[in-house]
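Report on one structure; see the data block that follows.
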Amino acid sequence: MRALPELMDPKRARESPESAVLSRPSAFPDEVLERILSLLDTHKDRSSASLVSKAWYHAERWSRARVFIGNCYSVSAEILVRRFPNIRSVTLKGKPRFSDFNLVPQNWGADIHSWLLVFAEHYPSLEELRLKRMTVTDQSLEFLALKFPNFKSLSLLSCDGFSTDGLSAIATHCRNLTELDIQENGIDDISGNWLNCFPDNFTSLEVLNFASLNSEVNFDSLERLVTRCNLLRILKVNKTITLDQLQRLLVRAPWLTELGTGSFIQELTPRQYADLETSFKGCRNLQTLSGLSEATALYLPALYPACANLTFLNLSYAALQSEELARLLAYCAHLRRLWVLDTVEDKGLEAVGQNCPLLEELRVFPSDPFDEEIVHGVTELGFLAVSYGCRKLRYVLYFCRQMTNAAVATIVRNCPDFTHFRLCIMNPGQPDYLTREPMDEAFGAVVKNCPKLQRLAVSGLLTDLTFEYIGTFAKNLETLSVAFAGSSDLGMQCVLEGCPKLRKLEIRDCPFGNKALLSGLEKYESMRSLWMSACKITMNGCRLLARKMPRLNVEVMKDEESNDGQSYKVYVYRSVAGPRRDAPPFVLTL
Amino acid sequence: MTPPLEHDYIGFSEASPMGRASGVDEDPASLNLRETELRLGLPGSQSHDRSKPTLAGVSIFGKDLEFSLSPSKNSAAPVSGAKRGFSDAINGGKGVGGLFSPRSGESSVNAHQSAASNSKPLSKEGFGASPQTKTLQEKKSQAEAPATKAQVVGWPPIRSFRKNTMATNLAKNNDDTETKSEHGCLYIKVSLDGAPYLRKVDLKTYSNYAELSRALEKMFSCFTIGQCAANGLSGQDGLTENCLKDILHGSEYVLTYEDKDGDWMLVGDVPWEMFTDSCRRLRIMKSSEAIGLAPRAMEKCKSRD
């Protein structure tokens, strides 16, 4: 058993600012305090609790089992294990978000392996690892599989560096695995043989998501796996799984709560279709449905019986037309989250507004983002239609080719509860297409009408006025993404001075220079990170920042895409671990 | 009985007859193909329906590819779908129909291709064994590299995974548009009672019973299916089932099919899509043998008259 934490450690007394005020021993025995604090779930609550007093700090750190690290370079593994001795679950995010869009070169860092080495020594009972934008090699996956006998849950989102061989290692060695969740990673998809590596006596799987892998898996293996894992509640297969194969899986696992189908386009005989329909009817617990790649109108009706309890429908890889969507949505009255492609067009979004009054989240992705000749997709009208019918909307991601200030103003009047407003007008710097004015008033309306706004992404032709509005009204804003916007340093300054809760600021291709950068000196320490690329920053500005703020890591990369050779990508973040030791040659830490 | 018939015993199911083009001779390639072509009909005879498309067909891995030998004549070909089975020779290129309804994105995809490749979409397919890969690569390169347009790196902000997946789907849809089939063709055997050999037809190239019956009639015309074939085939969809029965009414033959359950059914009862889904083979049965079926057929015809 572990020893009681030392409350009167003089070293710790010096570290904690509360020690002068509350240095008396706690009224509760530590075990009781720990037990109480162990009921705290969210990281924010736990962080708050740890600041109350030294007693609470120690009770919290001993009782914490799950840790979330939003920037893997803000803290080191050594510091982590020293503070939290009993961690079972680690969530790590690595690269800056713009790495998703190829703005960060390969081999930038965020490699999990050094963390795993430390965890093997200090967290041998580690059960869960959730990684986002980290580099994970096959060697790391094998290490993970072999060194952590209690390992249960692996989630990899938008990661890179591994192949399906690494998944084989996981399947082979993790006897207690409950979750394998592989999403949208840039990996080497060698073969589907990894699925065969689950031993015959392996039955613990509850979550299996391999929807984003392309290579074909052995269906017999999959069917046997699904049959013997009777706790399976989330199954998302890839598009090599055909409809009749899906039907056989559904028969084995009708109690699924989340289903990702494979390809929805196979030719079915009437009998096969009837079987499929029956199987979907048997899925009474479905809350989430996704996949449906290459769906045709012909077989979508088979789904209808399964949609009664759906709360999340992800059609973002299914190029549905407006009528197909409308007919499907008629069965999805309880929908809270909907992701679609813009192939459904405004008419499809009208159907959303008509059928889904409980909708809280809508994401509309572009089906052909690089073709400017297209006159399809969605416009401001679709967004408007949704806002009239779905008053509870709070999360929107909307890719479109035209928008007006008036439409956005109406939308946020209809839906004042927005917490996440991400509007992407795909042509950079495009004005209101009716008035030809900048889109300043649109985002002004957003921040004025939506006091709960936490996340904002702006686009279109924008002047400094947009940022004045943001700085003045967006008092709860935590994340801001800006591209091809602004007129001068003033814009960025307004945001840095006006948004007290700002944590993440990412900017590209804006006319913000050193003055703007340096206006946020103290601010950056209260933020997670700042990213600026293709702006007007110079090396001197970055050096000045680094000199004035030693507790920030200021990392500079040369911007290869720029023409003048003077442009830099700057990544600024707070860290208690000091400058990182694994920076590649093209990253200069000032 | 029959004049010397040319027919394709050599894997008719695998390959469409080469060069079922009509009388356009300027392209030496097409000439060579026609030399070796085995087709139905008297040597040198050409029906008026063959006048239009000058397409050479190659079927590889069960999937029909088309490439244009004389592009100037092919305004209709790419849009209507290039997968012509044997019926193309019969139906004059109108064999394709509404089974695959072009999506609204199709024209834009074609426009995209034209913009990118500056040539007719059809010409992309070439002779290679994997046109899909080629198209896919082109699509992918357009998705990733700002070669053809002034694309900004990392804009619009979409994850690479999604970009690549959509590029793949676009390529696939595009191929679907041109080949008209997501899963190859649907060749089934057609037998005629008393004929010395069987034929094969691709059900995917028809959109209703009328077209099928026309094709079959022409295919087996030498065996005289019936004079009333010439009547009442106006092609109205609502009358397809009736037309078929009208053909057979009074003729000595009944058209039947074997479905996936192994049962022999009368053609024309179910909607066309359901028929193509379940049909495994066709049999043109002598009325005298179709004792169970034919009387019903005749009764139905009578009741509709």
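Naming: A, B, ... by sequence-line order, numbering from 1 per chain.
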- Message: Quick check on the interface: out of A:Ala534, A:Ala483, A:Pro428, who has the most heavy-atom pairs with chain B under 4.5 Å?
- Response: A:Pro428
- Would a 4.5 Å heavy-atom cut-off, applied to side chains only, mark B:Ser278 and A:Pro270 as touching? yes
- Once you round to the nearest 0.5 Å, how far does CG of A:Leu341 lie from CE of B:Met166? 4.5 Å
- Please confirm whether the backbone N or O of A:Met426 pairs with a side-chain atom of B:Trp155, one donor and one acceptor, at under 3.5 Å? yes
- Item | Residue part contacting chain B, namely of A:Arg508, when any heavy atom lies under 4.5 Å | side chain
- Item | Contacting moiety of A:Tyr317, where chain B heavy atoms sit under 4.5 Å | both
- At what distance, to the nearest 0.5 angstrom, does CG of B:Asn164 lie from CG of A:Asn214? 9.5 Å
- Say whether B:Arg162 and A:Ser316, considering side chains only, have a donor N or O and an acceptor N or O under 3.5 Å apart. yes
- Note on the structure: Smallest heavy-atom separation, B:Pro157 atom then A:Phe399 atom, equals O-CZ, 3.5 Å
- Message: Around atom CZ of B:Arg280, are there more than 12 heavy atoms from other residues, nucleotides or ligands closer than 6.0 Å?
- Response: yes
- Task: Working to the nearest 0.5 Å, report the span between CD of A:Glu184 and OG of B:Ser160.
- Result: 10.0 Å
- Note on the structure: Closest non-hydrogen atoms of A:Lys239 and B:Thr165, given as atom of the first, atom of the second and distance, are NZ-CG2, 4.2 Å
- Item | With sequence neighbours excluded, residues passing side chain to side chain contact (heavy atoms under 4.5 Å, CB included) with A:Ser158 | A:Asp100, A:Arg133, B:Arg159
- Note on the structure: dist B:Lys163:NZ -> A:Asp368:CG (nearest 0.5 Å) comes out at 12.5 Å
- Can you say whether B:Asp261 sits under 4.5 Å from chain A via the side chain, the backbone, both, or neither, judging by heavy atoms? side chain
- Side chain, backbone, both or neither: which part of A:Asn185 has a non-hydrogen atom closer than 4.5 Å to chain B? backbone
- Rounded to the nearest 0.5 Å, how far does CG of B:Asp277 lie from OH of A:Tyr273? 11.0 Å
